[in-house]
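Comments concern the structure below.
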Number of protein chains: 2
Amino acid sequence: MANTKRTHVLQFAVLGLLHEGPLHGYELRKRLNGVLGTFRAISYGSLYPCLKDMLATGLIAEDGPADAGAPALTGRRARIVYKLTAEGKDKFQQWLADAGPDAYEDDLFGVHLAFFGRTDRDIRLRILLGRRNRLEERMATLRSNLAKRRERLDEWTLTLQQHGLDSVEREVDWLSTLINQEIDGTPPSTKSTGTEPASK
Amino acid sequence: MANTKRTHVLQFAVLGLLHEGPLHGYELRKRLNGVLGTFRAISYGSLYPCLKDMLATGLIAEDGPADAGAPALTGRRARIVYKLTAEGKDKFQQWLADAGPDAYEDDLFGVHLAFFGRTDRDIRLRILLGRRNRLEERMATLRSNLAKRRERLDEWTLTLQQHGLDSVEREVDWLSTLINQEIDGTPPSTKSTGTEPASK
DNA sequence: GTTAGCATGTAAGGAGTTACATGATTTT
DNA sequence: AAAATCATGTAACTCCTTACATGCTAAC
């Protein structure tokens with residue numbers, strides 16, 4: 001049986017970027033930062049084998065040099081431009097429609113959110129709720145651990161854990177805002193949630 | 001040539017825990033959560049080979065069954081209790097004294113902080129400053145990216161990046177508090193920055 | 001008498017990195 | 001002529017996880 005497992009965040013991200021138009025590896029890699037976590041720079045040693053794999057699986061194909069999107073390429077080294085195949089588009093749609101656990105676990109969630117513009121509203125809502133739920137579970141665990149061990153931990157460990165807890169709390173707040181906006185149809189705000197909230 | 005590279009957060013954490021007294025693998029693993037990121041549960045498939053390795057390198061040794069710390073162990077399966085060797089203690093001290101980049105990069109920073117109780121005050125300060133610096137660099141990059149691309153990104157990507165930025169900002173604030181306390185000698189506060197007053 | 005928890009371990013594999021190998025073109 | 005940037009790719013290695021293999025004891 002063909003191993004269809006491949007959750008592979010990277011593949012998802014590549015499909016999403018290629019969904020906007022054909023690209024070659026070098027360019028793809030640069031744009032990957034925006035889609036993957038803000039600070040992830042994927043290396044070529046990771047990307048090229050991935051593309052190779054996707055080509056072999058038929059998710060992408062080499063694009064004939066119909067230089068539509070590419071801005072005035074002169075000689076340079078022969079670049080290989082990839083585009084989505086029908087199967088690739090299909091796969092991407094499947095991914096977009098998945099609101100299961102895979103969609104709100106850490107890494108995956110960020111990528112899903114990056115493609116929310118192309119995700120159905122009800123799927124979006126389910127992913128956001130799933131994510132918030134997961135975080136709330138974590139918070140509960142953390143709080144009970146903290147309460148139990150409070151005396152046995154030194155101050156540094158405590159501050160660290162407290163900061164972690166605060167972080168998760170703030171992500172939950174952020175999600176709640178998004179969820180509410182999603183429910184009453186307001187587009188998401190770009191405003192900072194942070195530093196100078198005025199109400200305390 | 002003997003590859004002495006091994007930065008290995010895990011080894012550092014194990015040394016730190018063993019520094020308080022001999023422990024066996026199973027117990028070690030449970031305590032690792034507290035020291036590593038709050039949500040990292042290291043698996044046995046990772047821990048046991050690591051212990052094996054450290055044993056081979058001479059950082060730890062099997063402890064004779066002088067059941068000092070262990071509470072009333074009856075039969076059970078033969079557990080293997082490890083203790084630090086002189087080299088292990090040495091290695092740990094070296095690690096504690098390291099205020100270089102390794103000490104404030106993501107994973108490593110958390111572990112270092114967990115052992116701050118056994119770290120010299122000036123080293124602590126340098127690590128905190130190094131960490132804050134790194135985060136401020138990131139913030140600068142992020143902000144300029146955000147400013148440059150603001151128009152070309154959809155609202156979801158923007159909120160995501162904004163939330164990321166806010167997160168980093170708050171970590172910087174937290175670090176600044178710790179740094180100030182470190183400078184004027186106040187012990188770190190356990191109080192939450194957030195949501196609840198938390199006297200219990 | 002079976003399930004849950006204690007306890008140690010290995011094999012296979014997934015997801016990524018660094019370092020290397022190659023080579024063209026543009027800028028200094 | 002050297003350096004920077006563009007561009008693709010492989011090999012070896014790291015660090016981790018899952019799934020398996022083993023077996024003991026306590027509790028239900």
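Chain naming here is simple, since letters A, B, ... match the order of the sequence lines and numbering starts at 1 in each.
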(message) In this structure, how many angstroms lie between the C1' atom of D:dA7 and the OH atom of A:Tyr82, rounded?
(response) 11 Å
(message) Using OP1 and OP2 only, check whether a side-chain N or O of A:Ser43 sits under 4.0 Å from C:dG16.
(response) no
(message) For D:dT17 and B:Ser46 - does any side-chain N or O of the residue sit under 4.0 Å from the phosphate oxygens OP1/OP2?
(response) yes
(message) Rounded to whole Å, please give me the gap between CZ in B:Phe12 and C1' in D:dC15.
(response) 18 Å
(request) Check the distance between C:dT17's C1' and A:Tyr48's OH and give it to me in whole angstrom. (result) 16 Å
(request) May I ask you to check if A:Arg29 and A:Tyr44 form a cation-pi contact, with NZ or CZ under 6.0 angstrom from the six-membered ring centre and within 45° of the axis? (result) yes
(message) Does this structure show an ion pair linking A:Arg131 with A:Glu105, if we count only N-O contacts that are shorter than 4.0 Å?
(response) no
(message) From CG of B:Leu47 over to P of D:dT17, roughly how many Å is that when rounded to an integer?
(response) 10 Å
(request) Starting from P on C:dA7, measure out to CG on B:Asp63 and report it in whole angstrom. (result) 15 Å
(message) Quick check for you: among C:dC6, D:dT8, D:dC15, whose closest atom lies nearest to any side-chain atom of B:Lys30?
(response) C:dC6
(request) Run the salt-bridge test on A:Glu171 and A:Arg134 with the 4.0 Å N-O cut-off and return the result as yes or no. (result) no
(request) Output yes when at least one side-chain N/O atom of A:Tyr44 is less than 4.0 Å from OP1 or OP2 of D:dT8, else no. (result) no
(request) Using a cut-off of strictly less than 4.0 Å, decide whether A:His24 has a side-chain nitrogen or oxygen near OP1 or OP2 of D:dA7. (result) yes
(request) Give the rounded distance in Å between these two atoms: CZ of B:Arg79 and P of C:dG9. (result) 14 Å
(message) Could you tell me how far apart A:Ile42 (CD1) and C:dG16 (P) are, to the nearest whole angstrom?
(response) 5 Å
(request) Describe the nucleic acid contact of A:Arg29 in one word from base, sugar-phosphate, nothing, applying a heavy-atom distance below 4.0 Å. (result) nothing
(request) From the options C:dG16, C:dA7, C:dT10, select the nucleotide whose nearest atom is closest to the side chain of B:Tyr26. (result) C:dA7
(message) OP1 or OP2 of D:dT8 versus the side-chain N and O atoms of A:Lys52: is any pair under 4.0 Å?
(response) no
(message) Between B:Arg132 and B:Asp173, does any NZ, NE, NH1 or NH2 come within less than 4.0 Å of an OD or OE carboxylate oxygen?
(response) no
(request) Specify the separation, in whole Å, of atom CG of A:Asp107 and atom C1' of D:dT17. (result) 15 Å
(request) Flag the pair A:Arg31 and A:Glu27 as a salt bridge only when some basic side-chain nitrogen lies within less than 4.0 angstrom of an acidic carboxylate oxygen. (result) yes
(message) By the 4.0 Å heavy-atom rule, please label B:Gly45 as base, sugar-phosphate, or nothing.
(response) base
